[in-house]
Each structure stands twice: as structure tokens, then as C-alpha cells.
Amino acid sequence: MTQKDPVMVIGSPVPVIEQGLAARFELVREARAGIRGVAVAGGHVRIDAALMDTLPDLEVVASLGVGYDHVDAKEAARRGVVVTHTPDVLTGEVADLALCLLLATIRQIPQADRYVRAGHWLKSAMPLTTTLRERKVGILGLGRIGKAIAKRLDACDVTVEYHGRQPQEGVPYRYHPTLLGLAQECDVLLVVASGGAETHHLVNADVLKALGPDGILVNVGRGTVVDEAALVQALQNKTILSAGLDVFENEPHVPPALIAMDHVVLLPHVGSASVYTRKAMAQLVVDNLLAWFDGRGPLTAVPECKHLGAGQR
Ligand code: 8YV
């Protein structure tokens, strides 16, 4: 019998990944020489230079999720290690959730549910809420997911504008060269930007102030993009009206100050968390590893590693 190639699996067990890899690979949990592939299934492990040092034969890191701020992709590329992620298969799911969270925050859907369950409706009608009508929505990060959100917002008849590293070609939305300029112009800021040093605390006290007292912040990107302490202050001081958050700076820890607020909507990072979409994402992790070991190169390499084809190590 030929020996199976060892692949290291990091993070929470994901059945589609484990079953998909088991036929072809020996699955291991400890780093050692001889391991050429790693599957990263969430969790909070950083794939950095120190970890890569323990895997001298590493060729490919296949990570679950479109965001890969837990992987030092530049360092991997420098070592000739390809990093793959799972774009596209989650775009619609995350965009649906973003629209849902925006509307839930503005129309106070969780609060309304709590109102019924507590029996308050028997005594009086729930107080009126704010509205999405006539709002201008600013999107921070008009990538694949940002565009899918914008498309959904088009159907809601609201104006969409955006900020990102550069203007996007062929989109009908106004570009703002600065985030502050976008926040000044809009009363909803929807954060879709990915994490990492480049976007760390982009949404700071000044940006929140610019959003104004009717302002709504929604974050489905990464918690690190928002200065969470400044956000708590802005909500407490009514510098902005409300927030809908699917991501946090130090997950799964949510600041008690946010938990104590009844007027914000807090979700446990569920943007892509349907059975259907997580299955597709997990399958793409498996397919990237199979493709790599079959010499077909990576299927969905991250931008930093796109130049590294099969066998270029
Ligand atoms: C992932 C996410 O599913 O894709 C991403 O970047 O944030 C999530 O949707 C999750 O991080 C996987 O662990």
C-alpha cells in the first residue's frame, strides 16, 4: 500500500474537510517535517513565521473563509508557500446577512421580538423606529461581497456610495477618496473591508462623529477595522444612533458595554454560517489541497500568492 501524504488540520473539526481529505491524506494535528499541506478551519491559530518554521516542507495552506488575516500571506509567499482561501462561494450568503443586519438594526427586529415575548404588546404598541427610507449608505470595501450588498441595496431604493483603496471600474456608485468624506456624506456606514494592518481601526472616533447622530454602523467585515472602544463611546454619547455588528475585535469576546445596550444588534460572526455555504467553503478547502497535490496548482490562491503556480517551490 502506498503511504498517504500527511496533511495537518488546524482549528475546529469540520466534517466536510476531514472526510474529504481522509481518502487521500493522513490527517495530523501536530507540526512535523514531511507535511506539505495544511488545512485551516477557523479557530484562532495564527499561521505565521513561527508556525511555518515548524513545517519545513510546507507548500500549501488552504484556509476556510474569504478573509485570511490569521495567515501571514506575505511571509508564506516569501517562502514560496501558497495560501488559498474560499472566495465567491460565500458572497451571496454574507451579502444577505449584511442586508438583514442593517434592516434588523434600523427597524429593531430583535427588540421587537423581545417586546412580543415579554408581553409588552398586550399593554401598548411598540414605539416607532427609524427607517432605511431616504438614507444614504456608504460601503467601506466594494469588493465581491461589497458589490453584492450594493446590488441588494439598489433593490431597496437607497443611494449607495463607497470608499476603498481605489475606485472600481464599471460601478454606478460614487467613489470617495477618503473614509471621512464617505462618512460625512452618509448616515449608514457598512463595513465589508477585510482585516489586517492596512485596515486596523480605520473606523475611528472622527469617522463615527462624521456619520452623525442618525448614523448607523454595520460591520460584517472584520472587528479590527473598527476602533471598538471609540464605537462604545460613540454609542454611549449618542454621537451615532446605533450599530449592527457581526464581527468584533477580540472574538468571541464582546465588550460588556455593548452587551448592556438594548439599541444595538449583536451577532456571533455568522455572515457565512449556513449549512449550505459552509459546506461549499469546506469543499473548496478540500479541492484546493487535492488540486495542489495532483499538480494542478491552487484553485483560489490569495492575491499575495497568485504568482506561485504548481511546482514553483
Ligand atoms: C468564515 C469569514 O466563515 O470568510 C470569512 O472571512 O469571516 C467567515 O465567513 C469564518 O471566518 C471561518 O472561520
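Computed from a predicted model, the values in this text were never measured in an experiment. Numbering of ligands and ligand atoms starts at 1, following listing order.
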| field | Co-membership, hydrophobic cluster, residues V158 and L101, 4.5 Å side-chain | value | yes

| request: Check the side chains of R222 and T199 for a donor-acceptor pair under 3.5 angstrom, ignoring hydrogens and angles. | output: no

| said: Could you go through L258 and F248, starting from their C-alpha distance and side-chain angles, then the distance that decides it, and tell me whether this counts as side chain to side chain contact (heavy atoms under 4.5 Å, CB included)? | reply: CA-CA 11 Å; L258 284 178; F248 300 86; 4.2 Å; yes

| said: Test of understanding: with ring pair (Phe, Tyr, Trp, His ring centres under 6.0 Å), list the residues that count as partners of H120, not counting sequence neighbours. | reply: Y115

List below, pair by pair, the N or O atoms of ligand 1 and of the protein that are less than 3.5 Å apart, including the distance to 0.1 Å; reply 'none' if no pair qualifies.
unit_1: ligand 1; atom_1: 3 (O); unit_2: S272; atom_2: OG; d: 2.8
unit_1: ligand 1; atom_1: 3 (O); unit_2: R278; atom_2: NE; d: 3.2
unit_1: ligand 1; atom_1: 3 (O); unit_2: R278; atom_2: NH2; d: 3.2
unit_1: ligand 1; atom_1: 4 (O); unit_2: V66; atom_2: N; d: 2.7
unit_1: ligand 1; atom_1: 6 (O); unit_2: V66; atom_2: N; d: 3.4
unit_1: ligand 1; atom_1: 6 (O); unit_2: G67; atom_2: N; d: 2.7
unit_1: ligand 1; atom_1: 6 (O); unit_2: R222; atom_2: NH2; d: 2.8
unit_1: ligand 1; atom_1: 7 (O); unit_2: R222; atom_2: NH1; d: 2.8
unit_1: ligand 1; atom_1: 7 (O); unit_2: R222; atom_2: NH2; d: 3.3
unit_1: ligand 1; atom_1: 7 (O); unit_2: H269; atom_2: NE2; d: 2.7
unit_1: ligand 1; atom_1: 9 (O); unit_2: S272; atom_2: OG; d: 2.6

| For D72, what residues pass the side-chain hydrogen bond (donor to acceptor under 3.5 Å, both in side chains) criterion, not counting sequence neighbours? | none

| Set of residues satisfying salt bridge (charged side-chain N to carboxylate O under 4.0 Å, His left out) with respect to R29, sequence neighbours excluded | E18

